[in-house]
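Reviewing the structure listed below.
Any value given below was found using the heavy atoms of this structure, including those in side chains, with hydrogens, waters and symmetry copies removed. Labels below follow one simple rule: chain letters A, B, ... track the order of the sequence lines, proteins then strands, and each chain is numbered from 1.
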Amino acid sequence: MSEAHAPEAEASRDFIREVITQDLKSGKTDTLVTRFPPEPNGYLHIGHAKSMCLNFGVAGEFGGHCNLRFDDTNPTKEEHEYIEAIKRDVSWLGFDWGEHLYFASGHFETLYKWAEHLIVNGLAFVDDQTAEEIRETRGTLTAPGTNSPFRDRSVEENLDLFRRMRSGEFAEGVRVLRAKVDMASGNINMRDPVIYRVLHASHPRTGDTWCIYPTYDFAHGQSDAIEGVTHSLCTLEFADHRPLYDWLIENLPVPSVPRQYEFSRLNLTHTVLSKRRLIQLVEEGHVNGWDDPRMPSLCGLRRRGFPPAAVRDFAQRVGITKSDNVIEMALLEHCARELLNKISLRRSAVLRPLKVVIENYPEGESELLEAVNNPEDEGAGQRQVPFSRELYIEREDFMEEPPKKFFRLAPGREVRLRYAFFITCTDVIKDENGEVTELRCTYDPETRGGDAPDGRKVKGTLHWVSAAHAVEAEVRLYEHLFTEAEPSLGADFLDGINPESIEVLEGCMLEPALAETPVGETVQFERQGYFAADPDGTPDRPVFNRTVGLRNTWAKLQASGQANT
RNA sequence: UGGGGAAUAGUAUAAUGGUAGUACGACGGGUUCUGGUCCCGUUAGUCUAGGUUCGAGUCCUAGUUCCCCAGCCA
């Protein structure tokens with residue numbers, strides 16, 4: 001019997017999903033286990049989001065699971081504060097590690113035992129050389145290294161020394177444990193890498209239990225093996241470590257054999273993603289903390305108002321390959337706009353208010369008008385907005401001498417106030433400096449709701465807020481943190497910070513409904529962009545962060561000088 | 001003069017020897033009570049040189065360019 005319908009179109013898949021598919025099909029593994037292994041020494045950023053979407057993503061797609069593992073092997077850099085922050089960010093992005101929470105430090109006893117195993121098998125030795133001596137004898141990129149004079153110690157002596165390292169007998173730097181691999185290897189990671197060092201530091205989780213700690217190379221792959229990770233997915237710079245990763249797995253009594261695969265890390269224009277530079281931005285006060293909305297950190301994106309689903313969509317669109325890349329910020333912004341357009345409530349907010357008096361509207365009176373909450377979602381319903389004699393409109397929505405393509409308010413011109421009435425500008429009031437301070441207008445009561453019964457059209461529709469009902473707010477406008485698409489990464493990278501990356505607007509006028517916006521929710525200020533309620537705000541005086549502006553063809557026309565043509 | 005990795009429109013990513021496709025961007029147009037959304041269209045690409053093949057982005061050879069590696073960081 002022939003199948004009637006065409007085969008499902010195969011979704012295009014990256015090389016990692018290809019490998020997993022193969023391994024599952026060939027029976028190399030029955031279940032898929034991945035891991036997301038942050039070091040608790042900083043906050044997660046959008047580059048980590050790419051990794052999480054891959055690791056948790058494939059685990060979900062192939063019916064496996066993803067471990068959240070803290071790679072906490074260096075107590076001199078790591079802090080407990082980061083562990084909770086990282087968990088919060090992983091959850092926010094929408095991923096659930098369930099019961100699979102691990103710490104490399106949780107494996108310390110096994111790792112120690114395995115280090116002795118290496119010693120017993122003649123595959124590791126205690127080196128008495130200083131760090132400097134080790135560096136000098138490591139060779140260079142093009143010249144091989146030379147063996148340590150301590151390389152041929154007896155198993156007994158090595159065991160004794162290593163145990164005394166553990167018992168705290170030696171100061172930091174005096175002795176290390178090195179794997180005995182090959183000092184002539186072209187791969188520097190194979191030149192007898194240090195696998196244990198003395199660190200008399202209190203560990204966030206194990207306290208003072210240990211004074212020797214495994215290095216990354218001796219902890220990562222083994223942790224993978226202990227946890228039953230099948231596919232250990234990391235970024236390209238670890239490819240050089242894979243031979244060592246495999247060497248250790250082969251020479252240790254591991255319960256399972258994980259494989260490492262490398263993909264290229266995310267780079268984004270107009271920002272930096274290296275942990276070192278991000279830390280510098282925070283510590284030197286170039287931004288206001290890790291959650292500054294200009295930061296590419298996940299907590300920064302959250303505060304900025306990016307929905308986690310938009311970040312996931314972004315990660316999915318960016319793809320997984322092994323080629324270096326720099327993704328345009330415009331793609332992230334597109335993902336935010338696309339989602340937010342569908343789900344965000346529309347509200348009216350006047351950022352730079354200009355007073356308008358409707359001269360033929362009775363003083364002291366007001367009325368409620370119906371406004372649509374989200375034209376993209378009928379289920380979002382409607383709300384009522386108050387209208388009265390004195391209003392605010394956007395300063396930039398009025399020009400005394402408008403260029404040809406300016407469709408908004410000007411002397412003698414009629415425009416629509418959205419969901420309200422047509423108004424016509426009858427007079428312009430200025431101060432002694434010639435600055436426009438107030439507009440006098442008339443309204444047409446017949447156009448209530450926004451349409452003229454006689455069918456006449458207007459070219460412009462403006463947002464507005466009733467002065468008597470307005471809620472005053474602070475609104476923070478954000479731009480790219482760095483002016484250049486690809487900021488210089490030298491010591492001078494701070495010079496590339498965009499001096500206009502933040503603009504704080506006071507005295508913004510919001511429609512009343514906005515006062516109740518829950519912190520963290522992102523709404524659309526009509527005709528302007530998406531804005532998220534910031535925790536700095538109060539019901540009396542809300543604070544909003546601009547997530548991303550609406551596409552603005554008028555601004556483009558102005559910028560290109562075509563507004564008058 | 002070592003080892004590892006990568007080269008497809010401006011950016012990112014598909015095409016697994018058989019019509020180089022998609023998304024973002026840019027540009028133009030239509031619709032519109034958001035100069036938004038939506039819709040339509042235009043733009044623009046296989047690093048180079050040889051070779052194999054009826055046919056090459058894909059296979060072979062030789063180059064070129066870019067990225068990573070010399071922490072007791074991860």
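The nearest whole Å value for the distance from the CG atom in A/L557 to the P atom in B/G35 is 13 Å. Between the NZ atom of A/K322 and the P atom of B/U8 there is a distance of 16 Å, given to the nearest Å. In this entry the distance linking CZ of A/F238 with P of B/G71 reads 15 Å, nearest Å. The nearest whole Å value for the distance from the CZ atom in A/F125 to the C1' atom in B/C72 is 13 Å.
Contacts between residues 165-178 of chain A and RNA chain B, defined by a heavy-atom separation under 4.0 Å, are made by A/G173, A/V176. Only A/N325, A/V326, A/I327, A/E328, A/A330, A/L331, listed by number, bring a heavy atom of residues 325-333 of chain A to less than 4.0 angstrom from any atom of RNA chain B.
Between A/H480 and A/H270, the ring planes are parallel. Angles under 30° get that label, and only those over 60° would be called perpendicular. Between A/H203 and A/F108, the angle of the ring planes goes over 60°, which puts this pair in the perpendicular group of the 30/60° scheme.
Nearest nucleotide to the A/E526 side chain, out of B/U37, B/C24, B/U34: B/U34. Of the candidates B/G36, B/C67, B/C73, the closest approach to any side-chain atom of A/D324 belongs to B/C67. For A/E376, counting side-chain heavy atoms from C-beta on, the closest listed nucleotide (B/G3, B/U37, B/C67) is B/U37. Comparing atom distances between the A/H334 side chain and each of B/G5, B/G25, B/C72 picks out B/G25 as nearest. Across B/A74, B/A6, B/G71, the shortest atom-to-atom separation from the side chain of A/R138 is found for B/G71. The A/T142 side chain lies nearest to B/G2 when the options are B/G2, B/A74, B/U13. Nearest to the side chain of A/S323, among B/G4, B/U13, B/C73, sits B/U13. Among the nucleotides B/G36, B/G3, B/G35, the one closest to the side chain of A/N187 is B/G3. Closest contact between the side chain of A/N552 and the listed nucleotides B/G35, B/A74, B/U37 involves B/G35. Comparing atom distances between the A/K405 side chain and each of B/A14, B/C73, B/G35 picks out B/G35 as nearest.
No N or O donor and acceptor, one from the side chain of A/R135 and one from the base of B/G71, sit under 3.5 Å apart. For A/Q524 against B/U34, a side-chain-to-base donor-acceptor contact under 3.5 Å is present. Between the base of B/U34 and the side chain of A/R346 there is a donor-acceptor pair shorter than 3.5 Å.
Residue A/T73 is classed as a sugar-phosphate contact, given heavy-atom separations below 4.0 Å to backbone atoms only. Residue-level contact check: A/D451 touches the bases, meaning some heavy atom is under 4.0 Å from a base atom. At a threshold of 4.0 angstrom between heavy atoms, the contacts of A/T321 are confined to the sugar-phosphate backbone, with no base atom among them. In this structure, A/R418 reaches the bases: a heavy-atom distance under 4.0 Å links it to at least one base atom across the strands shown. Using a 4.0 Å heavy-atom criterion, one finds that A/I195 contacts no nucleic acid atom at all. Note on A/D71: only backbone sugar-phosphate atoms sit closer than 4.0 angstrom, heavy atoms only; bases stay farther off. Residue contacts shown for A/H463 are absent, as no nucleic acid heavy atom lies under 4.0 Å away.
Panel note: side chain A/T522, backbone A/G305; a donor-acceptor pair is recorded below 3.5 Å. Side-chain N or O atoms of A/R346 include none that pairs as donor or acceptor with a backbone N or O of A/E526 at under 3.5 Å.
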Stepwise, does the side-chain hydrogen bond (donor to acceptor under 3.5 Å, both in side chains) test hold for A/E333 with A/Y530?
CA-CA 11 Å; A/E333 294 173 346; A/Y530 298 96; over 6 Å; no

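Centre separation under 5.5 Å together with a plane angle under 30° does not hold for the ring of A/Y216 and the six-membered base ring of B/A74, so they are not marked as stacked.
Here the closest heavy-atom approach between residue A/L391 and residue A/S466 is recorded as CD2-CA, 3.9 Å.
Stem regions for RNA chain B, each three or more consecutive Watson-Crick or G-U pairs with both distances under 3.5 Å and listed by first number, read B:2-7 with B:64-69, B:10-13 with B:21-24, B:25-30 with B:38-43, B:47-51 with B:59-63.
Between A/T553 and A/V198, the one whose closest nucleotide on RNA chain B sits nearer the 5' end is A/T553. Each of A/R242 and A/N374 lies near RNA chain B, and the nucleotide nearest A/R242 is the one positioned closer to the 5' end.
Under 4.0 Å is where a charged nitrogen must lie from a carboxylate oxygen, and between A/E78 and A/R205 no such pair does.
Glycosidic conformation, B/G17: anti, with the torsion outside 90° of 0.
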